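Note sheet for the following structure.
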Amino acid sequence: MFEIKGLSVNYGGIEAVRDISFSVEEGSIVTLIGANGAGKSTTLRTIAGLVKPRSGKITFMGEDITGKDPAFIVGKGITLVPEGRRIFPDLTVYENLRIGAYLRKDRIDDDIEWVFSLFPRLRERSWQYGGTLSGGEQQMLAVGRALMSRPKLMMMDEPSLGLAPLVVRDIFSIIRTIRDKGVTILLVEQNANMALQTADMAYVMETGSITLSGKGRDLIADDSVRKAYLGK
Amino acid sequence: MAGFFHQNLSYFLSGISVGGQYALIAIGYTMVYGILRLINFAHGDVFMCAGLVMVYLSASLPFAVSVPLVLVFTVALGFLIERVAYKPLRSAPRMSVMISAIGVSYLLQNAALYFTGGLAKVYPEIPFLSRSVVIWDASTRVVTLVTPFLTVILVVLLTLLIKHTKIGMAMRAVSRDFETSQLMGIKINRVISITFMIGSFLAAVASLLYFTNYASVTPTSGSMPGLKAFVAAVFGGIGSIPGAVIGAFIIGICENIIKGGATIFGIPGSGWTTFSDAFTFAFLIVILVVKPTGLFGEKAVDKV
C-alpha cells in the first residue's frame, strides 16, 4: 500500500537519509528502529511533506506523493504524530481534536466519540487546555488528534519518549487497537524492545541507511540487534 | 471626581474616541505579531494610505462608493505587502523580515510623497460623521461618539471569529506552531494572509474615523498614530487582542486629559499640552522596565 524507493534526504547540511527503500503492507504495524540521528525522524518528516527529498520516490495507494505539501498528504490519508507530541497548548482538548479534522468537511461527532471511547481521560478533560495535560494524556491527545483526519496510514515518531513505563504499555496497546480498526501504522522508536514486540515488520536504520530488516519477532532474536539496541 | 470628570468631559470623549482609533490600528500590530512574531512597521503607513486613497476617491465618487472601495483597497494592500515583502522571507531570520517591514514603511511614505507632492491633502467631510452634537454641555462630533461603539462591535466580532470559527482556530494554532499546523492540513500562508487582511481592514476603518477628526492627510500622517497604537499593543501585551484594545483606550484617554484642561501637579492643563506625546513614550519605557510582557502578555501554559 505504501512504498519508498531509493529515498535520499538532505537535512541540516548533511545527508540524513541515504538511498533507503522499504514498504508497508496494509493493516500491518511496521517499525523503524535505530539510534539517535540515524535518520528515522527525517524519513517520517519527508513522507509527511515537511521536508523535501533530494531523490527517490514515495508511493501511496498507487499514487506518487513525493515532494507534495503536507496538506495534500494529510488529505490522502497519511498522518504524522510528531515527536514530542506537539499539542496546541492554548487550544482545548476538544479543539485539538477538531483541528485534527481540519481538512474534513463531513460530520466529525462520531469520530470524536470514538477517540473519547479509546481515551476516556480525554473526555473528562475535554474543556481543559491542551497545555495543562500530563505527558501521557498529551500523547493520547496527539494520537486522537491524528485519528481525527481518518488516516489510512498513521506514522508515529517516538510515542514513548519521556513517558512512564506503565503509560508506554498503554500507548502500545492502543496502537494495536488502532491497527485492528484498519489503520496501518508506521512507528519510529528508540524503545526497540516494545517496538519489535508490537511490529509485524521491522527495519533497522544506521546513519541514514537501512542495515537490517525482518519480522519483529525475528529481529528480537537477532544477535546484532540484541547487542546494539536491546542492551543484552 | 465627578467635578473633574464633568470639567474634562470633552477631553474624556475625545480620549475614548482616539483610543478606539488606536485600538483598531493596534489590533493589526498585535495579530501579526501573534502569528509571525513580526512588528509590522508598515502598518501605520497602510493606515495613512487608506486615508490618502479616500481623499482621491471621494473627489470623484460618492461616499457610498468610495468608503467601501477604500476598505477593499486597504485589504488588498495588506495582502500584497505580505505576499511581496514578508512571505519570501518565511524561513529567514526574524531580523530580515523586520528590516523588510521598515523598507515597506519607507516605500509607502515615499510613494505617498510622490503622489501628493508633499502637500497636506484635505480629508473629505463624511456628512454623517462630521456633524456636531452637544452632550452635557460638551460640544463634539458624531464621529467621537460613534468610534468607541464601532470599535467595541468590531472587537467583539473579531473575538467571536477567533474563538468560534474554523479559521479562527487555525489562526490560534498557526500562531503557536507552524509545523504542527501544517501536519493538520492547515495552509499556513493562507492563514497569514487572512491575518494581514483583517489587520488592514481594521486600519482602514480607523483611518475613516481618525482623519475625519484631523482634517488632513500627509505622507507621514501614519507614523504617530501607528507608533501610539504600537505602544498600546505593547502595553496590553503584544499578541493579545483584548490587551491591545484596553491599552489603546488607556493611552487615548490619558493623552487627551493631559492635552486638556486638567490640572496636574498644580500646573493647569495648558502647561502640559506639549508633553502629551512625550507621555505616551515615557509610558512605554516604564512598561518595558516594569512589566515587559504587558498587561496580558503571553503566559506559558506548557507542561511536560
Side-chain angles (χ1 to χ4, degrees), chain A residues 44-45 47-51 68-92 94-105 108 128-139 142 145-146 148-151 154-155 157 161-163, chain B residues 30-31 33-37 87-88 90-93 158-195 236-243 293-294 296-304:
Chain A
L44 293 196
R45 291 163 55 83
I47 299 169
L50 292 171
V51 183
K68 292 278 198 291
D69 65 51
F72 178 87
I73 286 166
V74 176
K76 284 287 157 201
I78 301 181
T79 182
L80 170 63
V81 181
E83 183 178 350
R85 308 179 272 275
R86 306 281 281 268
I87 287 305
F88 295 109
D90 38 17
L91 265 59
T92 63
Y94 184 74
E95 286 176 327
N96 266 287
L97 292 177
R98 268 184 54 201
I99 208 162
Y102 189 77
L103 287 179
R104 288 175 50 190
K105 305 241 180 318
I108 58 170
Q128 260 176 254
Y129 284 109
T132 64
L133 301 184
S134 72
E137 290 163 346
Q138 287 194 0
Q139 185 64 60
R145 183 179 67 181
M148 289 302 295
S149 68
R150 285 229 176 133
M154 183 160 86
M155 304 188 287
D157 198 349
L161 197 72
L163 299 182
Chain B
T30 216
M31 281 180 78
Y33 183 85
I35 218 154
L36 282 185
R37 301 291 180 273
K87 187 180 167 226
R90 197 73 86 224
S91 52
L158 180 63
T159 311
L160 290 176
L161 175 92
I162 290 173
K163 286 255 180 232
H164 297 294
T165 66
K166 208 168 173 181
I167 185 71
M169 195 168 68
M171 286 165 106
R172 283 182 285 150
V174 173
S175 72
R176 262 301 171 154
D177 188 338
F178 271 23
E179 204 175 270
T180 311
S181 300
Q182 283 178 291
L183 288 176
M184 303 296 116
I186 298 170
K187 297 197 170 70
I188 53 169
N189 287 328
R190 227 186 107 218
V191 174
I192 292 168
S193 290
I194 291 171
T195 306
I238 193 141
S240 155
I241 291 173
T293 53
F296 304 99
E298 280 182 11
K299 297 176 289 243
V301 282
D302 305 79
K303 187 173 147 193
V304 183

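Chain letters run A, B, ... following the sequence lines, proteins first and then strands; every chain starts at 1. Treat the numbers as computed from the prediction; the structure is a model and nothing was measured. Atom set for the values below is all heavy atoms of this structure, side chains included, hydrogens, waters and symmetry mates excluded.
Looking at Met184(B) and Met148(A), their side chains never come closer than 4.5 Å, going by heavy atoms from C-beta outward.
Legend: residues meeting ring pair (Phe, Tyr, Trp, His ring centres under 6.0 Å) with Tyr94(A), ordered by chain and number and at least two apart, are Trp127(A). Qualifying salt bridge (charged side-chain N to carboxylate O under 4.0 Å, His left out) partners for Lys76(A), counting only residues two or more places apart in sequence or in other chains: Glu63(A).
Here CG of Leu183(B) is found 12.0 Å from CD1 of Ile78(A). Values are rounded to the nearest 0.5 Å. Here the CD atom belonging to Gln182(B) is positioned 11.5 Å from the CG atom belonging to Leu80(A), to the nearest 0.5 angstrom. Taking OH from Tyr102(A) and CE from Met169(B), the interatomic distance works out to 7.5 Å, rounded to the nearest 0.5 Å. The distance from atom NZ of Lys166(B) to atom CG of Leu103(A), rounded to the nearest 0.5 Å, is 7.5 Å.
Closest approach of Gly185(B) to Ala71(A), counting heavy atoms only: O-CB, 3.5 Å. Closest approach of Arg172(B) to Glu95(A), counting heavy atoms only: NH2-OE2, 2.8 Å. Here the closest heavy-atom approach between residue Ala173(B) and residue Ile99(A) is recorded as CB-CD1, 3.3 Å.
No more than 12 heavy-atom neighbours from other residues, nucleotides or ligands sit within 6.0 angstrom of CZ on Arg190(B).
Neither the backbone nor the side chain of Ala146(A) has a heavy atom closer than 4.5 Å to any heavy atom of chain B. For a residue to count as touching a neighbouring chain, one of its non-hydrogen atoms must lie under 4.5 Å from one of that chain's; by this rule Arg145(A) touches chain B with the side chain only.
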